[in-house]
Amino acid sequence: MDKLRIKGGNRLEGEIRVSGSKNSALPAMAAALLTSDEVILQNVPFVNDAFTTRRLLRELGMTVEFSDDHSARLHVPKILSFEAPYDLVKTMRASVLVLGPLLARTGRARVSLPGGCAIGARPINLHIAALQQLGATVRTEHGYVEAIAERLNGAEVLFDKITVTGTENLLMAATLAEGRTVLQNSACEPEVVDLANMLSKMGARIEGAGTSTITIDGVPELRGTTHRVIPDRIEGGTFLIAGAITNGNLDIVDANPAHLGSVIQKLREAGAKIETDGSRMSVRPGGDLRAANVVTKEYPGFATDMQAQYMALMTQAAGTSIINENIFENRFMHASELMRMGADIRIDGSRAIVTGKTQLSGATVIASDLRASASLVIAGLVADGSTLIDRVYHLDRGYEKIEEKLRSVGAQIERLK
Ligand code: EPZ
């Protein structure tokens, strides 16, 4: 298993590019199941979750070709299988995103239940309940969700809880349903809006994406399209924090600062010097980091996918900050690894109390999930001596060549194969 070794102490300086959004590319790839025409996606991030999705879609009968210019050609004139097998789903929960499109296109879907992951139980009961409201017969047995529907019927759906992939699954399913679907308490994430924009270009009739009420009028079929995936706001936010913690002078390009409103606001409150200009975000030196409390919320609130990276920053801020994790019940796995590096953190249920500033020292640490591994990289950039991060396969799931990007702006980081 690959490891990353980081020697701390360098300021990050220069220009670093944000890749396309993982959490937008995955549903966009699944949406290609909805049409027999070819779909072209641009700005696709070459991260392991995109490669796993490619494998899954190929198993369903789709041709999927990635090109060096980060574009992807996806085409499935005829769906040959409606099963998303356990072997693939267990490696990537987002595989559940084929459930809605498969059901809508073929009237049938068999998808392995994702099971829990490091950050929480993460059930898909809300996806299933909503599909049942659209008239699907759904049963769960032998670890699989089996769903059948001759044709889905539009309906009023009220999500008990805001769910990103749940909203995306139903958005895709409803595009080919008979009649009107209204999704209430929907997720408003930029990735949901990006998917709705793509589906609209395919001929879907959607209103209200980006608000908590989305209306979809079903159509008989969808056509192909070309769609550019939005920038990855979580990768962009990760670079903002890497710049701020190293007192760096960093320009982050091909980003969309508007998608990081609450994160940028919080970082400024914590003393970071951040400028934005179009698709460019910059961190300037001289920020005086100070403690600032945060609560993770659904968009447009502070993203839970930025919480771990923010915790690393707060270890270098003067004062005591309280981090409330409201979305996932077990998303503090990185805290104990940061404590191994000398951080002063106390966990109290869904709250983490971080006292800074403490000098971190390099150590061997283990990544437990995607964003936890990003926080360990950030901590390694300022730690005294070398940090060795194990299980970086977690990082590779959602960050494209992160060590090369960070090295290009001055980090001392290398991958040990
Ligand atoms: C998406 O996961 C993202 N993944 C996650 O990013 C992100 O953390 C999460 O949204 C929240 O922003 C992708 O887009 C591929 P949810 P998702 O359904 O859709 C509960 C990353 O680091 N819930 O919005 O799976 C659930 O347990 C990843 O890139 C139910 O109870 O998250 C959680 O507590 C990690 N029943 C809450 O809702 C359901 O049926 C929000 O989960 C569905 C969700």
Side-chain angles (χ1 to χ4, degrees), residues 21-31 49 53 84 89 92-104 109 111-134 136 138 140 145 147 152 154-175 177 181-196 198-199 206 208-216 230 233-234 259 262 295-307 325-331 350 369-371 398:
S21 163
K22 167 187 78 83
N23 290 347
S24 194
L26 304 186
M29 291 173 72
D49 277 8
T53 304
V89 177
M92 183 190 69
R93 308 177 46 74
S95 308
V96 73
L97 285 164
V98 302
L99 180 58
L102 273 178
L103 191 55
V111 175
S112 168
L113 279 166
C117 87
I119 65 176
R122 304 185 71 181
I124 58 166
N125 56 311
L126 301 175
H127 301 229
I128 293 171
L131 288 171
Q132 286 170 324
Q133 283 180 271
L134 267 65
V138 185
T140 306
V145 178
L152 294 167
E156 295 259 340
V157 170
L158 171 60
F159 289 110
D160 281 352
K161 206 174 174 179
I162 295 174
T163 161
V164 175
T165 50
T167 301
E168 292 166 343
N169 242 331
L170 268 293
L171 188 55
M172 291 188 276
T175 56
T181 297
V182 180
L183 303 177
Q184 291 180 334
N185 200 27
S186 295
C188 305
E189 269 65 6
E191 296 77 23
V192 171
V193 176
D194 199 33
L195 177 64
M198 175 190 171
L199 292 168
I206 301 170
T211 75
S212 57
T213 302
I214 306 177
T215 303
I216 307 109
I230 57 174
R233 63 191 165 103
I234 307 300
H259 292 164
S262 56
V295 178
T296 64
K297 288 197 189 104
E298 295 89 357
Y299 192 87
F302 189 97
T304 173
D305 294 348
M306 286 300 303
Q307 178 259 100
E325 173 55 56
N326 272 342
I327 306 294
F328 291 107
E329 65 273 23
N330 186 36
R331 202 167 203 179
S350 63
D369 60 80
L370 170 57
R371 308 305 171 182

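Numbering starts at 1 and runs along the sequence shown.
- Distance check: Thr165 OG1 to Leu171 CG gives 12.0 Å after rounding to the nearest 0.5 Å.
- In this structure, CD1 on Ile216 lies 8.0 Å from OG1 on Thr175, to the nearest 0.5 angstrom.
- Distance SG/Cys117 to CE/Met92: 13.0 Å, rounded to 0.5 Å.
- A pairwise comparison of heavy atoms in Ala147 and Leu99 identifies CB-CD1, 4.3 Å as the closest pair.
- Of the candidates Thr167, Leu183, Ile214, Val157 forms a side-chain contact (heavy atoms from CB on, under 4.5 Å) with just one, namely Leu183.
- Across every non-hydrogen atom of Val89 and Pro114, the tightest pair is CG1-CA, 3.7 Å.
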Can you give the donor-acceptor pairs under 3.5 Å from side chains of residues 187-194 to other protein atoms, not counting sequence neighbours?
from   : atom 1 : to     : atom 2 : distance (Å)
Glu189 : OE2    : Tyr299 : N      : 3.0
Glu191 : OE1    : Arg233 : NE     : 3.4
Glu191 : OE1    : Arg233 : NH2    : 2.9
Glu191 : OE2    : Arg233 : NE     : 2.7
Asp194 : OD1    : His227 : NE2    : 3.0
Asp194 : OD2    : Ser24  : OG     : 2.5
Asp194 : OD2    : His227 : NE2    : 3.4
Asp194 : OD2    : Ile230 : N      : 3.2

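- In this structure Leu152 satisfies the side chain to side chain contact (heavy atoms under 4.5 Å, CB included) test together with Leu103, Ala104, Leu134, Ala136, Ala149, Ala173, Ala177, sequence neighbours excluded.
- Ser262 places a side-chain N or O within donor-acceptor distance of the main-chain N or O of Pro300, the cut-off being under 3.5 Å.
- Formation of a donor-acceptor pair under 3.5 Å by the Asp160 side chain with backbone atoms of Leu126 is not found in this model.
- Of all heavy-atom pairs spanning Ala196 and Ile206, the tightest one is O-CD1, 3.9 Å.
- Under the side chain to side chain contact (heavy atoms under 4.5 Å, CB included) criterion, Glu329 pairs with Ala121, sequence neighbours left out.
- From Asp49, atom CG reaches atom NZ of Lys22 across 5.0 Å, with rounding to the nearest 0.5 Å.
- In this structure, the separation between OG on Ser350 and CG on Asn330 is 11.5 Å, given to the nearest 0.5 Å.
- Contacts of Asp369 classified as side-chain hydrogen bond (donor to acceptor under 3.5 Å, both in side chains), with partners at least two apart in sequence or in another chain: none.
- For Ala31, the side chain to side chain contact (heavy atoms under 4.5 Å, CB included) partners are Leu34, Met172, Leu195, Met198, Leu199, not counting sequence neighbours.
- When the side chain to side chain contact (heavy atoms under 4.5 Å, CB included) test is applied to Thr304, the partners found at least two apart in sequence or on another chain are Thr296, Glu325, Ile327, Phe328, Arg331.
- Between the side chain of Arg93 and the backbone N or O of Arg122, at least one donor-acceptor pair lies under 3.5 Å.
- Of all non-hydrogen atoms in His127 and Leu170, the two that sit nearest each other are O-CD2, 3.9 Å.
- In this structure, Ile234 and Ala303 approach most closely via the heavy-atom pair CD1-CB, 4.1 Å.
- Of the possible donor and acceptor atoms, one in the side chain of Asn185 sits under 3.5 Å from a partner among the backbone N and O of Phe159.
- The closest donor-acceptor contact from the side chain of Asn169 to the backbone of Gly100 lies under 3.5 Å.
- To the nearest 0.5 Å, the span separating CD1 on Ile128 from OG1 on Thr140 amounts to 4.0 Å.
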- Message: Could you go through Asn23 and Asp305, starting from their C-alpha distance and side-chain angles, then the distance that decides it, and tell me whether this counts as side chain to side chain contact (heavy atoms under 4.5 Å, CB included)?
- Response: CA-CA 11 Å; Asn23 290 347; Asp305 294 348; 3.8 Å; yes
